[in-house]
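Input: a single structure, listed below in structure tokens.
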Amino acid sequence: MHDLFGEAAEQWCAIENRIRSVLSHFGYKEIRTPVLEKVEVFSDTVGEDTDIVEKQMYTLLDQGAEKLALRPEGTASFMRAIIENRLHESAALQRYYYYLPMFRHERPQKGRLRQFYQFGAELINDASAEADAEIISLLHQIYQELEVVEYEVRINSVGCEECRPRFREELKQFLRPKLSLLCEQCQKRFERSVMRVLDCKKESCQAVLKGAPLITQFLCAQCEAHHHDLKKRLTQIQIRYLEDPHIVRGLDYYCRTAFEFTSELLGAQSALGAGGRYDGLSRRFGAKPFPAVGFALGMERLVMVLTEKGKLPSERKTPFYYFAALGPNAIDLLYPIALSLKKKGIWVEMNYDKSKSLKALLKQADRSGSSFTVLVGDDEIKESNAVLKNMNTSAQEILNLGDLEAALFKKGSPIAP
Ligand code: AMP
């Protein structure tokens, strides 16, 4: 879990702003959910035998002895909130996004943290391939906007409840003779949810899976048509994609479209962002079924790629004025002016140390990166003057103390000519 401060915090903020701007251009509205949820929000929906629920959730007992979890992923919380607030009951297509911290008790490694931030977008009440293509193009646009180009868009269809049972059976038949070669966890998965074996990251399990049947060979006519339409749309809007039948996603509630944006720049944890269609999830909350599709993108991995490519937005913000107030009388005089200008939207930096020397104050002014420094000491007060120094050109000008605030406002005002 990381602290974020200084220039990095500013860079994050600039990235966040750009992402929010793309999301709002696509019509997505923010939704925020609490960091704590009842544990069942995840265990009953994401799946008891997923890594997230089985091993990675931070859980705690609250005072009423109810088990709570720190949110490990966004979609289940989002669904809980949609259903609890009955937002799905309007038949119309709706678009939401979230930007929230997630918590997973993972083994820390490059690109894998225990608290990390995800932007997620979710589109509900539309089952079409166009909705899937919109979600994929939105994620694509976010990366384009940030000038990230080194990634691949991988898509797959994981079928639906109609076509998956036959695939599960075939996969079981394929794996049964090799069961002892699978890891302990995959042996358990074999019984409970065999498709999850496909998702196992262990090389030994991946080796066993060589030559296994592919879900795409078992799609029913509707899933096949949906997948075909998605590809047609992606081609139409010029998004290059790869078909990757190995993408199944660790979570149980996906159906039809599943996709990942992967980048070799990330090393082993190559998924920049990922998502899919999860029409089956609402039923697990006891609600009437309604279609939904979405993605989640990890901020830390995005920042890693931007850092690697030297594309971090550099928007260093610096004060407009640095008030170098030399001694208590000057502080007395400049203090209310600083506050007044700040209230009017002009960034003023000021030090309140009454014993700072002129040299120390000027050094601080320099460091602050301000556009102008306003210098006032006892000598200036006697003369009823202030010195205004342009920090770029070093040119100085003398201002009258009597109307200092008005003069500074005029110079610094965002609405002044
Ligand atoms: P997931 O919710 O596992 O589908 O992950 C969606 C995205 O979140 C991934 O593509 C990553 O960018 C990011 N992500 C997932 N787990 C972590 C983690 N432990 N640390 C940092 N980023 C993560």
Side-chain angles (χ1 to χ4, degrees), residues 1-4 8 12 15-16 19 33 35 37 41-43 45-47 49-58 69-79 97-122 132 135-136 138-140 142-143 146 148 150-156 158 195-196 198-201 244 246-255 257-278 281 292-308:
M1 300 189 187
H2 288 174
D3 299 311
L4 187 69
W12 272 59
I15 298 168
E16 289 159 7
I19 295 177
T33 60
V35 88
E37 296 275 359
V41 167
F42 309 105
S43 58
T45 58
V46 179
D49 56 347
T50 52
D51 279 355
I52 289 184
V53 169
E54 196 176 56
K55 297 190 290 197
Q56 298 173 342
M57 263 200 308
Y58 284 94
L70 282 176
R71 176 187 47 227
E73 64 102 41
T75 301
S77 313
F78 166 75
M79 255 336 204
Y97 82 86
Y98 58 81
Y99 177 54
L100 297 166
M102 307 293 159
F103 302 84
R104 294 184 198 169
H105 197 275
E106 310 218 47
R107 202 165 50 83
Q109 63 184 94
K110 189 180 166 208
R112 219 185 224 185
L113 293 107
R114 290 183 171 176
Q115 174 176 330
F116 57 97
Y117 284 81
Q118 281 184 343
F119 266 102
E122 317 276 2
D132 299 8
I135 280 288
I136 291 173
L138 172 56
L139 186 54
H140 179 67
I142 287 173
Y143 292 132
L146 292 160
V148 177
E150 294 81 4
Y151 59 83
E152 280 171 341
V153 179
R154 295 171 178 272
I155 62 166
N156 191 25
V158 295
M195 278 177 69
R196 230 14 83 65
L198 299 170
D199 233 6
C200 184
K201 298 280 178 291
D244 184 346
H246 295 288
I247 295 178
V248 279
R249 314 283 297 126
L251 311 181
D252 244 2
Y253 48 71
Y254 282 96
C255 67
T257 305
F259 62 87
E260 279 181 8
F261 284 41
T262 56
S263 176
E264 282 177 3
L265 295 174
L266 287 170
Q269 301 302 318
S270 65
L272 253 185
R277 174 163 286 286
Y278 52 95
L281 182 56
V293 56
F295 70 71
L297 81 87
M299 269 294 278
E300 286 77 3
R301 291 189 197 170
L302 174 58
V303 170
M304 271 169 67
V305 170
L306 290 171
T307 309
E308 185 118 340

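Each ligand, and each atom within it, is numbered from 1 in the order the structure gives.
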Run the numbers for me: atoms of ligand 1, each under 4.0 Å from some heavy atom of G111, listed by number. 20 (N), 21 (C), 22 (N)

Which ligand 1 atoms are under 4.0 Å away from a heavy-atom of G273? 10 (O)

What heavy-atom pair brings S263 and E150 nearest, and what distance separates the two atoms? OG-O, 2.9 Å

Return the CD to CZ distance between Q118 and F295, rounded to the nearest 0.5 Å. 10.5 Å

Given M102, E73, H105, R104, identify the one with the heavy atom nearest to atom 2 (O) of ligand 1. R104

Between L113 and ligand 1, is there a nitrogen or oxygen pair with a distance under 3.5 Å? yes

Do E260 and R154 meet the salt-bridge criterion of a basic N to acidic O distance under 4.0 Å? no

Give me the atom names and distance for the closest heavy-atom approach of A274 to L139. N-CD2, 4.4 Å

L272, portion touching ligand 1 at heavy-atom distance under 4.0 Å: backbone

Nearest heavy-atom approach of E73 to R104 is CB-NH2, 3.7 Å

Apply ring-ring contact (aromatic ring centres under 6.0 Å, His included) to residues Y117 and Y99 and explain how you reach the verdict. CA-CA 7 Å; Y117 284 81; Y99 177 54; 5.7 Å; yes

Does Q118 have a heavy atom less than 4.0 Å from any atom of ligand 1? yes

Considering only heavy atoms of G298, which atoms of ligand 1 have at least one such atom less than 4.0 Å away? 7 (C), 8 (O), 12 (O), 13 (C)

Between Y151 and Y143, does a ring-ring contact (aromatic ring centres under 6.0 Å, His included) hold up when you go through it step by step? CA-CA 9 Å; Y151 59 83; Y143 292 132; 5.3 Å; yes

Considering F103, F116, F295, F261 one by one, which has a heavy atom nearer to atom 18 (C) of ligand 1 than any of the others? F116

E264 atom CD, over 12 foreign heavy atoms within 6.0 Å: no

Going by the order shown, which atoms of ligand 1 are within less than 4.0 Å of some heavy atom of R112? 18 (C), 19 (N), 20 (N)

Which atoms from ligand 1 have a heavy atom of A271 less than 4.0 Å away? 9 (C), 10 (O), 11 (C), 12 (O)

N or O pair under 3.5 Å between E300 and ligand 1: no

Polar atom proximity, A296 to ligand 1 (N or O, under 3.5 Å): no

